[in-house]
Colleague: 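Can you read through this structure? Questions will come right after.
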Amino acid sequence: MAFERIVVDPARMGGLPTIRDTRVTASMVLGQLAAGRTIDDVLADYPYLERDDVLAALKYAAAAVSEREVRVARPA
C-alpha cells in the first residue's frame with residue numbers, strides 16, 4: 001500500500017512521517033485525535049491541512065501496526 005500524502009524525508013522532522021509539503025508529523029495528528037479532538041478540531045489547528053491529510057495519517061497508522069512494510073512517498 002502506497003501513501004501519497006505521507007512523506008518520509010530524513011532532512012525533515014528527523015525522518016518522521018509527515019503530511020506532504022508540511023512539517024506536521026503523522027504522530028502529531030494522531031496524538032490530537034487520540035486525545036479526543038475531532039478532525040474538524042485538527043483542521044482548525046492546522047488550516048493548511050485537508051481532511052484527506054488527516055484520514056491519510058489514520059490509514060498510515062493502521063497500516064504501520066499491521067504491515068511489515070509501509071511505503072511512503074519520497075521527496076522529489
Side-chain angles (χ1 to χ4, degrees):
M1 176 180 291
F3 292 88
E4 295 177 5
R5 291 177 177 264
I6 305 296
V7 177
V8 174
D9 180 351
R12 181 175 289 193
M13 301 302 288
L16 292 173
T18 59
I19 306 298
R20 49 125 183 100
D21 299 326
T22 72
R23 295 182 63 81
V24 178
T25 64
S27 61
M28 290 166 63
V29 171
L30 296 167
Q32 286 201 19
L33 296 172
R37 301 197 32 108
T38 66
I39 292 176
D40 289 332
D41 292 335
V42 173
L43 295 175
D45 288 345
Y46 302 99
Y48 40 86
L49 294 184
E50 300 171 3
R51 181 172 297 276
D52 284 343
D53 295 326
V54 176
L55 295 176
L58 285 168
K59 290 176 187 173
Y60 177 84
V65 298
S66 65
E67 298 292 329
R68 292 182 185 267
E69 181 178 330
V70 178
R71 284 187 235 132
V72 296
R74 297 287 179 194

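Everything numeric in this text was worked out from a predicted model, so none of it was measured.
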Colleague: Verify side-chain contact (heavy atoms from CB on, under 4.5 Å) between Leu55 and Leu58, making sure each step is shown before the conclusion.
Modeller: CA-CA 5 Å; Leu55 295 176; Leu58 285 168; 4.3 Å; yes

Colleague: Got a sec, which residues hit side-chain contact (heavy atoms from CB on, under 4.5 Å) with Arg37, two or more places apart in sequence or on another chain?
Modeller: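 Residues passing side-chain contact (heavy atoms from CB on, under 4.5 Å) with Arg37: Gln32, Asp41, Asp45.
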
Colleague: Linking I/L/V/M/F/W/Y whenever any side-chain heavy atoms sit under 4.5 Å apart, do Tyr46 and Met13 land together?
Modeller: no

Colleague: With a 3.5 Å distance limit and no angle check, can you tell me whether Arg12 reaches the backbone of Thr22 through a side-chain donor-acceptor pair?
Modeller: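 Judged by distance alone, yes, a pair lies under 3.5 Å.
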
Colleague: Is there a donor-acceptor pair closer than 3.5 Å between any side-chain N or O of Thr18 and the backbone N or O of Arg23?
Modeller: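 No, the answer is negative, given that no donor and acceptor are paired below the 3.5 Å cut-off.
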
Colleague: Report yes if the side chains of Asp53 and Val24 come closer than 4.5 Å at any heavy-atom pair, otherwise no.
Modeller: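 When only atoms from C-beta onward are counted, Val24 and Asp53 do not touch, as no gap falls below 4.5 Å.
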
Colleague: For Ala57 and Ile19, work out which heavy atoms get closest and say how close.
Modeller: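 Heavy atoms only, the tightest pair is CB-CD1, 4.2 Å.
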
Colleague: For Leu30 and Ala61, work out which heavy atoms get closest and say how close.
Modeller: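 Taking every non-hydrogen atom into account, CD1-CB, 3.5 Å.
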
Colleague: As a quick check of understanding, evaluate side-chain contact (heavy atoms from CB on, under 4.5 Å) for Lys59 and Arg5, giving each step before the final call.
Modeller: CA-CA 11 Å; Lys59 290 176 187 173; Arg5 291 177 177 264; over 6 Å; no

Colleague: Identify the two heavy atoms, one from Val8 and one from Gly15, that lie closest to each other, and give their separation to 0.1 Å.
Modeller: CG1-O, 3.2 Å

Colleague: Nearest heavy-atom pair of Val54 and Val42: which atoms, and what distance?
Modeller: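 It is CG2-CG1, 4.0 Å.
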
Colleague: Is there a path from Tyr60 to Leu16 through hydrophobic residues (I, L, V, M, F, W, Y) whose side chains come within less than 4.5 Å of each other?
Modeller: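 Hydrophobic grouping puts Tyr60 apart from Leu16.
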
